[in-house]
Amino acid sequence: MATNWTERISAFCCSPSGFLSETSPDTFLSELLRELRDDRASYGIKVLLLSPLCEYPTLLCSSESAGEETALDLMSVFTQCPSRFSQFRCRLLVALTSVLVCSSCVNSQSRASLDFLDLLLRIAQDASDPPGDGTQRLLRATACDCLREMEASCPGLLSQRLELLAGLWQLETSRLHQAFGVLQILVLRNAVYQLTKQPGAGAAHLKALLGGNGSVAWEADQEAVHMDTKDAAMLLSLILGPMGRVPTLHTGPDCKELRSVLSSLLEESYLLTPLCQAALFHRLTEVVAMVPGIPPTVFRAQLLRLLGTNEVCLLHVTLLMKCGFTDSLFSAEDEAFLLKRLVVLSQHPLLSSPEKLFYMDCILHFPENRPISCGDGDEAPPVLLTPRLASVLLPSVFNDSATLLSRLNLQALVFLEEGDEESHGLAYIYDHLAALLHIVDRGGSRDIVVTFFRAAFLFLFYFHHVERYATCLSEQLCHLYLQHTRLAPHILNLVNQTQERLPECKWFVGLLQGLQRVITRVPFGQLRLQDLSSHLKVLARVAEEEEICQRSSLSFLSTIVTQTSSSLCTSGDWRLGNGLLGVCRCVLLHPNLDSILVPLADILQHLAFHYGDTDIRDHARLYYTLLTMLSREKLSAVLVQSAAEGGSQVKKRTLSCVMAESEGLTNTLTIHQTEKPIFHLTEALPGPPQEAENLQLNQEDEYKTLECYRAQLSKSGFASLIVLKYHLTHTEPHDPGFEQLFSIQLHFRHTDDHYEELQDISVPCLFRQGQRPVVQLKLKPRRPYPTTIHVSAIFTSKDGLTWHTAMPDIHVAFQQVFLPLPAPPTWSSASIRDVFEGLWDEMSRETGESCISLFCCQLGEAALKALVEKHFHSFLVSDPLEESAEFRALLFLPPKSHILLKISSTEDAAHFNMATDDCRLLPHMNSYLLKVTSSLENSVS
């Protein structure tokens, strides 16, 4: 038993969905609860059995009713468990909390949640722990954690128990003192916040709340527990900016009770661990912010300890307090001291890099008493951070990448505020940038290269207007590129980012002109083949700028392709040819094309006749034809390929764009993923019932119908298929870019092994305004059970791109597996009734997997006839000439299973007598009958 459960729990935790595909969540949950109630099972195994409920409660308790029933069973197990098994009892409390919270029982005010909260409070108050035995203390600690989790998931749940929690915190002398303190302040914060939301709430309500020791909140005030999403999100942290955003409770100066509670919490805060102290101060700050009657000076006695702390969490909560209360709590001297301390900590040698980066970020977002900027989230050095004070944070080449960039950013902001372009600080920053460039030039690592270009972007972002340094940097970058052409992607990325982030700055144009100049001046004899690919990428980017003349670029290309001593053309390198055509294509779009038409045409013509690769020659010929035959407007229209349809840009691709690597070669060859399903399968309207494969029986075999029927089923070639028809339909809301789809390939994946694998299905096209294609799924069952099929598709959109989309799952219901008896048309009704009687007699003996069952429901005779006519008409085998009150139906479930029904009506109920040769089908049939009969019962009632 133990080994079996260990393997099952391990299999479930490895793949919960795969495990539950072989059984149902309800079945697995009932097995878990039954084993937990079994006194013969060891408590070690029972601890293991609680793992699925602790880790995956939403899978096993998907509904509120299931969660409540499970919680009641678990509380019964807890009551019967001896107190010496403390580990199991603690684990049981955690499982109960997970089930109640995740199944929404806490928010819905269920009785099970109320009973569980009473149980947790009783455990928390029980301090009768024998000397030397810590089992009860462990259980109380777990109960306290569970109470905190319940309060966090449903704020205000314990607001009526504040006095009880305060008493527990004051009387506790063990380590639980800390847990009770954190719980009390959380409940206090949530209770005060709820009071701020109640119209007319004031000092009297607050006093009653602090002295309350009644039941849980929903029994005292059920409406107070409900909170919308906005309130729940706001409760995560109320201190996010100016205190004007925080809801307030107007109590006047009469807040003696609350002041007393806050003072007692603050006086003993030093006993807590740093993390718990941070949580305590954070919540207390929120409480004081919500109650203006309590002055922020209540924290003054603790401020000296907080300002001198070396704990990151405490320093962070101190900054939160300063953000909330500014000069109401922090004097100018406090502010200056705190800033200097952050500066010292940002370069302290004993601290790790992440800690120093955190302190640096705190400096850039320092909450000033009198802030000049009102922008939220903007990086700006505080007024008190002078260049002299910030000089200890100057970057060095010995810093790691993150620290160097962070310090460079800080220094740039400081000197930018100073506004002196001739200052020594700016010169130092540029000298540091030049030192990094020198390291890169000497063969620095990839990390150094990336750091340098990021630093260069930061420098340009802040000081691009300083022409002297910007021009010098451009010249040095050109020289660096000529020595290391492998840096072309980094330099082009710097150009693109500068153009995007600084649209008014034309520095990037000067850099591109410089790059063009150094590339085109390289003598042909010194040109290395490995550098040529980078040169062509840079020249293609240069050709995109209207301000830059392209005559020198074309002269460079002409030299490459026409030199008699050159073997570049005859080599037929496709990548090199693609690079040449990429530059030509960009030049074709240049505004000054008329002035350079002849040299460009000569280059294209030479490539079309002499290049060694056929594909390159064909595309060069295409470009030459477009250049010489089309006007400039038509040429741009062909090469740009953009058209607006329905408010979105749709790319139209032709052969010309395939050759431009930067314009879509990779994009065209990639299978893209859609963000949401584009189309789905909807079940088609049911037609006449499908027939299974016909049996080839002769008329003279009718007297042995059952034997012949059994013999036919035993043949290996007999296997009926279930054909399900669906319409392929666009989803709503639709995307205009996917209105016309082509070459759709549907792929199906089973979630279990109950059916044979499905082959992919091809659909030629799908148009939104056209007829919906019909898709037929031919299922071949191994076991006729309900199943879920995952569906995905690959298709081509009208812009030529290939897409992959995930489609909604197909759920095959149990009743979709039903087929009429696979009898040939030559059989008479009497023969089919003979088969029914023979099968019923065999199954009634309940040998092997055969069994019989009875399903009852409250239905009248007329309602029962309507149900049979609607759901079982195609399967009836009753003799129409016989006036009988009993209906007989024979359901065939491929490949070889049967369910036989005798349906009758009595005075008080309707009876469904069932017989089957596969007892595992009965739970599914029972669920189906419960579903179809309950709808009629509700309509009758």
Side-chain angles (χ1 to χ4, degrees), residues 1 4 22-24 26-28 30-31 34 692-697 701-720 722 752-756 780-787 814-815 817-824 827 829-857 872 875-879 884 886-904 906 909-930:
M1 177 70 72
N4 182 32
E22 300 178 1
T23 182
S24 65
D26 295 339
T27 303
F28 183 56
S30 62
E31 293 175 356
R34 183 171 59 250
E693 296 177 5
N694 289 335
L695 303 180
Q696 303 299 323
L697 295 179
D701 293 330
E702 284 188 10
Y703 68 95
K704 295 182 179 179
T705 52
L706 184 58
E707 289 78 0
C708 294
Y709 178 72
R710 286 291 192 193
Q712 184 71 17
L713 288 180
S714 62
K715 293 182 179 179
S716 59
F718 180 84
S720 298
I722 301 170
D752 48 51
D753 60 347
H754 300 329
Y755 294 81
E756 300 285 349
K780 188 175 182 180
R782 294 174 179 149
R783 292 173 290 276
Y785 300 154
T787 188
F814 183 59
Q815 64 270 20
V817 190
F818 297 167
L819 293 178
L821 184 73
W827 271 26
S829 301
S831 300
I832 297 176
R833 288 195 296 273
D834 291 342
V835 174
F836 181 92
E837 294 296 341
L839 289 174
W840 186 276
D841 292 339
E842 287 185 358
M843 297 172 187
S844 299
R845 301 189 189 102
E846 296 189 311
T847 58
E849 294 186 351
S850 300
C851 63
I852 58 175
S853 181
L854 175 64
F855 177 86
C856 300
C857 62
F872 300 105
F875 313 104
L876 292 178
V877 297
S878 305
D879 189 352
S884 174
E886 183 180 71
F887 299 97
R888 298 184 178 186
L890 197 161
L891 311 178
F892 175 68
L893 294 83
K896 297 179 181 181
S897 302
H898 305 80
I899 295 179
L900 279 59
L901 298 174
K902 290 184 178 180
I903 308 170
S904 59
T906 61
H911 290 181
F912 290 77
N913 289 282
M914 294 180 285
T916 179
D917 47 12
D918 186 354
C919 59
R920 291 167 294 186
L921 298 177
L922 284 180
H924 302 295
M925 190 65 189
N926 184 75
S927 300
Y928 172 63
L929 290 176
L930 187 63

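Residue numbers run from 1 in the order of the sequence given.
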Q: Would you call Leu893 and Pro781 a side-chain contact if the rule is heavy atoms closer than 4.5 Å?
A: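 No. Closest side-chain heavy atoms not under 4.5 Å.
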Q: Using a 3.5 Å distance criterion without hydrogens, assess whether the side chain of Tyr785 forms a donor-acceptor pair with backbone atoms of Tyr755.
A: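 No; judged by distance alone, with no hydrogens or angles, the pair does not exist.
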Q: Given side chains that start at C-beta, do those of Phe875 and Ile899 come closer than 4.5 Å, heavy atoms only?
A: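 No, their side chains stay 4.5 Å or more apart.
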Q: Which residues pass the ring-ring contact (aromatic ring centres under 6.0 Å, His included) test with Tyr928, sequence neighbours left out?
A: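 Per chain and number, Tyr928 pairs via ring-ring contact (aromatic ring centres under 6.0 Å, His included) with Phe818.
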Q: Testing the basics here: between Phe814 and Pro784, what is the closest heavy-atom pair and its distance to 0.1 Å?
A: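 Closest pair (atom of Phe814, atom of Pro784, distance): CE1-O, 3.4 Å.
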Q: For the OG atom of Ser850 and the CD atom of Glu842, what is their distance to the nearest 0.5 Å?
A: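 Those atoms lie 7.5 Å apart.
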Q: So Cys851 and Thr916, do their side chains get closer than 4.5 Å, heavy atoms only?
A: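 In contact.
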Q: How would you list, by chain and number, every residue that makes a side-chain contact (heavy atoms from CB on, under 4.5 Å) with His911, sequence neighbours excluded?
A: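 Leu854, Cys856, Ser904, Thr906, Ala909, Asn913.
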Q: State, with a plain yes or no, whether a side-chain heavy atom of His924 is found less than 4.5 Å away from one of Pro786.
A: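 A side-chain contact under 4.5 Å exists here.
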Q: Just to verify, what does Ser927 make a side-chain contact (heavy atoms from CB on, under 4.5 Å) with, not counting sequence neighbours?
A: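 Partners of Ser927 by the side-chain contact (heavy atoms from CB on, under 4.5 Å) criterion come out as none, since no residue qualifies.
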Q: For residues Leu890 and Leu839, determine if any side-chain heavy atom of one lies less than 4.5 Å from a side-chain heavy atom of the other.
A: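 Yes. Closest side-chain heavy atoms under 4.5 Å.
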Q: For Leu922 and Ser853, which heavy atoms make the closest approach, and how far apart are they?
A: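 Scanning both residues completely, I find the closest heavy atoms to be CD1-CB, 3.9 Å.
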Q: How close do Pro820 and Phe892 get, counting heavy atoms only, and between which atoms?
A: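 Smallest heavy-atom distance, with atoms named: O-CB, 3.6 Å.
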Q: Considering residues at least two apart in sequence or located in another chain, which fulfil the salt bridge (charged side-chain N to carboxylate O under 4.0 Å, His left out) criterion with Asp918?
A: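 Asp918 satisfies salt bridge (charged side-chain N to carboxylate O under 4.0 Å, His left out) with Arg920 only.
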Q: Taking the side chain as every heavy atom from C-beta outward, state whether Phe836 and Leu821 have any pair of such atoms under 4.5 Å apart.
A: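 They are not in contact (no side-chain heavy atoms under 4.5 Å apart), so the answer is no.
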Q: Between CD1 of Ile852 and CE of Met843, what distance do you get to the nearest 0.5 Å?
A: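 Interatomic distance, Ile852 CD1 to Met843 CE, rounded to 0.5 Å: 11.5 Å.
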Q: Of the non-hydrogen atoms in Leu901 and Met914, which two are nearest, and what is the gap between them?
A: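 Heavy-atom minimum between the residues: CD2-CG, 3.2 Å.
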Q: Considering all heavy atoms of both residues, which atom of Leu921 and which atom of Ser897 are nearest to each other, and what is their separation?
A: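 In terms of heavy atoms, the two residues are closest at CD1-CB, 3.8 Å.
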Q: Does the side chain of Leu929 reach to within under 4.5 Å of the side chain of Cys857, using non-hydrogen atoms?
A: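 SC-SC contact between Leu929 and Cys857 ruled out.
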Q: What residues form a salt bridge (charged side-chain N to carboxylate O under 4.0 Å, His left out) with Glu756, not counting sequence neighbours?
A: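 Checked Glu756 against salt bridge (charged side-chain N to carboxylate O under 4.0 Å, His left out); matches are Arg782.
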Q: Looking only at non-hydrogen atoms, find the nearest pair between Asp752 and His754 and report the distance.
A: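 For Asp752 versus His754, the nearest heavy atoms are OD1-N, 3.2 Å.
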Q: Give the ring-plane orientation class for Phe855 versus Phe912, where under 30° counts as parallel, over 60° as perpendicular and anything between as tilted.
A: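 Ring orientation, 0 to 90° scale: perpendicular.
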Q: Could you list the residues that satisfy salt bridge (charged side-chain N to carboxylate O under 4.0 Å, His left out) with Asp753, not counting sequence neighbours?
A: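 Partners of Asp753 under the salt bridge (charged side-chain N to carboxylate O under 4.0 Å, His left out) test: Arg783.
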